[in-house]
2 protein chains.
Amino acid sequence: MAVRLEKNPAVSKQALRRMPAYLLYLEALNPTTVVSISATTIANELGLNEVQVRKDLAAASLSGGRPRTGFKVKELIRDIKSYLGYDDVYNAVIIGTGKLGQALLSYQGFAEYGLDIVAAFDTNPELIGQQFNRKPVYPPEKMPEICRSLKIQIGIITVPAEYAQDACDHLTESGIQAIWNFAPVLLTAPPEIIVQNENMAISLAILSQHLSVKLKKQH
Amino acid sequence: MAVRLEKNPAVSKQALRRMPAYLLYLEALNPTTVVSISATTIANELGLNEVQVRKDLAAASLSGGRPRTGFKVKELIRDIKSYLGYDDVYNAVIIGTGKLGQALLSYQGFAEYGLDIVAAFDTNPELIGQQFNRKPVYPPEKMPEICRSLKIQIGIITVPAEYAQDACDHLTESGIQAIWNFAPVLLTAPPEIIVQNENMAISLAILSQHLSVKLKKQH
DNA sequence: TTATAATCAGTAAATTAATATCGATATTTA
DNA sequence: TAAATATCGATATTAATTTACTGATTATAA
């Protein structure tokens, strides 16, 4: 029998970044025709090294794969989701209901990731009282009260850059645990607060630098 | 004299990811009071290792820093921008004018990064002919013609997941060079096309996993 | 039933990235 | 003007990550 000695080996930050790609790939498979899949196949499809994929999967998978057939697709999806914490449901609020805030409020896909956006905050009187995707917009003063009563863990910042630190401070005072920051600002927060920056500039920097190198080559 | 032997040493992908943070930090400084800054200071402020910062800056900076004072802030900003290709202006189009597409069309900050979004495409007849932030929305059929005549290099995909591959194919046929993909899908594109995924799921995965670990500790 | 081949898990080696150290140099201070 | 010190660039070391290798295991086919 294939015994897995290390149950859930330490996983690198890089591996954590690859997990969502595995999920996307696995979920795109037809579950009726593809029951099992090997690390080799996934690696080839995603352009990764097969040992790397096998190690990543070993970290997330509870039951492991079996020689010759690979991993059960359904189990693997479930295990990766559980590994990433998508099973636990977190309540979130959005600060700033501009276009981006509205886009996030309207996006149906977050349920997949265990993220439940339950309310939004905005200073604009015209937006306060409105709903987006059946989620109400409140004035910022209500933040502490609402966050505590609704047991909000995550605050999503989608305000313009100049108001982002304010939003961060408000959220911190309202007792949230983590911040997902879409504003192009470096936030200052207490160390116990998890801050994850969704920095489109990073993505754009990588794209731009590649493109710059590519276009220079063409001359 | 402090001679820099290696002019622009090879930089890692990780370093490239840190560059936008340096820019954010440097641009937040008051240019009248802070003329020069040391790698040490930046490292402390951003919570990074000082040698790492010095190496990163050495890769981007043309003139280098000088002992005791550090780097000239204005020069450094200029050099990093140039290094990231923000000097070159790239023309882009947006495919999909839902909330996210509209948010990107309306965002004024892309000019900073040398990104000029000049038009959008959507299948929705109600949106075709409209403008967002003075940028017109065209039907997809016009993509090849418009992309070629306006010399579009970058296509930004903001359609729902199920249409993303179609959008990608259209863009490829329209002669663009790079794709910035916001849809949660793994795109298949010719190898010469640069594909950069803006995968919010990665960010969310990291946040979620941290939070999961954090909340478990509290018990 | 036995041989073959694909795949896994685990360990070792190689590569890449991060951090520590060192001599040189420019500014500040005595 | 000389000594002290902060900072740089470069090299050396350590740590993390990726890739290669090996033996075990299971399905398939002879």
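Numbered from 1 within each chain, the chains take letters A, B, ... in sequence-line order.
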Start with the C-alpha gap between B/Y107 and B/F110, add the side-chain angles, then the distance that decides, and say whether ring pair (Phe, Tyr, Trp, His ring centres under 6.0 Å) holds. CA-CA 7 Å; B/Y107 181 53; B/F110 286 133; 4.9 Å; yes

What is the separation between atom CZ on A/R17 and atom P on D/dT18, rounded to the nearest whole Å? 11 Å

The nucleotide from C/dT21, D/dT17, D/dT19 with an atom nearest the side chain of A/K55 is D/dT19

To the nearest Å, give me how far apart CG (B/L62) and P (D/dC8) are. 17 Å

Separation of C/dT7 P from A/I42 CD1 (nearest whole Å): 11 Å

Checking all strands, does B/A39 fall into the base, sugar-phosphate, or nothing category for heavy-atom contacts under 4.0 angstrom? sugar-phosphate

Nearest to side-chain heavy atoms of A/N49, which nucleotide of D/dA20, D/dA10, D/dA27: D/dA20

Identify which nucleotide among D/dC8, C/dT19, D/dT18 has an atom closest to any side-chain atom of A/Q14, counting heavy atoms from C-beta outward. D/dT18

Counting only side-chain heavy atoms from C-beta out, which of D/dG9, D/dT26, D/dA27 sits nearest to A/R66? D/dA27

D/dT19 P sits how many Å from A/N44 CG, rounded? 13 Å

With the side chain of A/F71 defined as its heavy atoms from C-beta on, choose the nearest nucleotide among C/dC8, C/dA18, C/dT4. C/dC8

Considering only heavy side-chain atoms of A/S12, the closest of D/dC8, D/dT17, D/dA10 is D/dT17

Residue A/S38, side-chain atoms from C-beta onward, closest of D/dT7, C/dT7, C/dT27: C/dT7

Using heavy atoms to find the nearest nucleotide of DNA chain D for B/T40 and A/A15 separately, return the residue whose nucleotide is more 5′. B/T40

Value in whole Å for how far the C1' atom of D/dT17 lies from NZ of B/K13: 14 Å

Is it true that the side chains of A/E75 and A/S61 contain a donor and an acceptor less than 3.5 Å apart? no

Of the candidates C/dA5, D/dT19, D/dC8, the side chain of A/R68 sits closest to C/dA5

Whole angstrom value for the distance that separates P of C/dA9 from CD of A/E50: 12 Å

Can you check the B/L48 CG to C/dA20 C1' distance for me, whole Å? 16 Å

Quick one: A/Q52 CD to C/dT15 P, roughly how many Å, whole number? 16 Å

Among C/dA6, C/dT27, D/dA10, the nucleotide that comes nearest once only the side chain of B/T69 is considered: C/dT27

Are there over 12 heavy-atom neighbours, none belonging to B/Y25, within less than 6.0 Å of that residue's OH? yes

Considering all heavy atoms, the nearest B/D169-B/T188 contact: OD1-O, 4.2 Å

Inspect the surroundings of NZ in A/K72 and state if more than 12 heavy atoms from other residues, nucleotides or ligands are less than 6.0 Å away. no

